[in-house]
Amino acid sequence: MTAKALAILRAAGAERIEHPGGTLLAHLQRVSGLLASWGARPALVSAGLCHAFYGTDGFPVALLGLGRRAELADAIGVEAEALVYSYASCDRESSYRGLADDPGTFVDRFTGAPTHPSLEARRDFAELTAANELDIAAISPEVRIRYGADLLDLFTRWRPLLSEPAWDHCRGVLVGPVHGN
């Protein structure tokens with residue numbers, strides 16, 4: 001499935017789109033690798049590789065239109081594509097604040113509809129968000145200086161949703177070496 005996804009990414013020009021740390025394709029590959037290193041299941045790792053396909057609230061460049069969701073699902077699987085859509089559809093201002101709360105309101109920026117995703121869905125979203133933001137912060141000192149404190153605050157609030165490896169990586173990138181608990 002990775003080969004199909006990479007072919008679509010290349011055909012959509014991800015190798016030519018600038019992104020912190022090089023190209024969008026390089027970023028997508030690093031995010032996927034980071035999720036894999038944290039022990040994420042295959043669908044989440046695939047979603048990491050493709051998380052920017054439909055653009056995001058913070059990165060408006062879409063590689064594929066929403067009308068082509070079936071094409072991406074064919075390449076990475078239905079579950080992974082649903083994770084990509086969820087990530088792309090997030091209205092960050094409306095959703096980030098209470099994501100770790102029960103029931104965790106999530107607002108779809110494409111439809112405006114609020115939903116209450118399951119705990120597993122919120123964990124997947126938090127893990128993918130952490131991998132995305134931490135990759136950028138790790139590669140760009142400017143981003144880390146400008147947004148590091150806000151990211152640390154966000155991920156501290158989301159701590160109940162993050163895996164131990166994700167949380168450890170977060171502290172390593174945003175705080176530096178941590179000794180003890």
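Computed from a prediction, not measured in an experiment: that's the story for all the values here.
Residues satisfying the side chain to side chain donor-acceptor pair (under 3.5 Å) criterion with S94, sequence neighbours excluded, are D91. For R157, the salt bridge (charged side-chain N to carboxylate O under 4.0 Å, His left out) criterion is met by D153, not counting sequence neighbours.
Both L25 and F59 sit in one connected hydrophobic cluster of ILVMFWY residues. Membership requires side-chain heavy atoms under 4.5 Å apart, directly or through other members. Under the 4.5 Å side-chain contact rule for hydrophobic residues, V143 and I145 do not share a cluster. No continuous path of hydrophobic side-chain contacts links V78 to I76 [ILVMFWY only; heavy atoms under 4.5 Å]. Linking ILVMFWY side-chain heavy atoms closer than 4.5 Å, directly or via other members, places V84 and V107 in two distinct hydrophobic clusters. In terms of hydrophobic clustering, with Ile, Leu, Val, Met, Phe, Trp and Tyr side chains grouped at heavy-atom distances under 4.5 Å, L119 and L128 are assigned to a common cluster.
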### Message
Run F125 and F106 through ring pair (Phe, Tyr, Trp, His ring centres under 6.0 Å) and show every step you take.
### Response
CA-CA 10 Å; F125 181 84; F106 184 94; 5.4 Å; yes
### Task
Could you walk me through whether E81 and K4 pass salt bridge (Lys or Arg N to Asp or Glu O under 4.0 Å), step by step?
CA-CA 13 Å; E81 189 282 330; K4 280 184 172 181; over 6 Å; no
### Message
Test side-chain contact (heavy atoms from CB on, under 4.5 Å) on V31 and L49; report intermediate values, then the result.
### Response
CA-CA 6 Å; V31 168; L49 179 61; over 6 Å; no
### Test log, rule side-chain contact (heavy atoms from CB on, under 4.5 Å), inputs R92 and T56
CA-CA 9 Å; R92 293 177 180 185; T56 70; 3.5 Å; yes
### Message
Between T156 and W167, does the side-chain contact (heavy atoms from CB on, under 4.5 Å) criterion hold? Intermediate values first, please.
### Response
CA-CA 8 Å; T156 299; W167 178 242; 3.5 Å; yes
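In summary, D57 and R109 do not engage in a salt bridge, as defined by a charged side-chain N under 4.0 Å from a carboxylate O. Ion pair E164/R171 not flagged as a salt bridge, since none of the NZ, NE, NH1 or NH2 atoms sits closer than 4.0 Å to an Asp/Glu carboxylate oxygen. Salt bridge present: E71 and R68 bring a charged side-chain N and a carboxylate O closer than 4.0 Å.
With contacts defined as side-chain heavy-atom distances shorter than 4.5 Å, the pair D108/Y85 qualifies. Between I136 and H19, the closest side-chain pair of non-hydrogen atoms falls below 4.5 Å. S89 places none of its side-chain heavy atoms less than 4.5 Å from the side chain of Y54. Side-chain contact between L174 and L134 is present, with heavy atoms from C-beta onward closer than 4.5 Å. Within the 4.5 Å cutoff, side-chain heavy atoms of L24 are placed close to those of L28. Proximity of I139 to R144: side-chain heavy atoms (C-beta onward) are nowhere separated by under 4.5 Å.
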Name every donor-acceptor pair, under 3.5 Å, that has one atom in a side chain of residues 32-40 and the other anywhere in the protein, sequence neighbours excluded.
unit_1 : atom_1 : unit_2 : atom_2 : d
S32    : OG     : V45    : O      : 3.0
S37    : OG     : L34    : O      : 2.7

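No side-chain N or O of Y147 forms a donor-acceptor pair with one of E142 less than 3.5 Å apart. Of the N and O atoms on the side chains of Y87 and N132, at least one donor lies less than 3.5 Å from an acceptor on the other residue. A donor-acceptor contact closer than 3.5 angstrom is absent between the side chains of E18 and T23. Neither side chain, H116 nor D102, offers a donor N or O lying under 3.5 Å from an acceptor on the other.
No donor-acceptor pair closer than 3.5 Å links the side chain of W158 to the backbone N or O of T129.
Of all heavy-atom pairs spanning L83 and A47, the tightest one is CB-CB, 3.7 Å.
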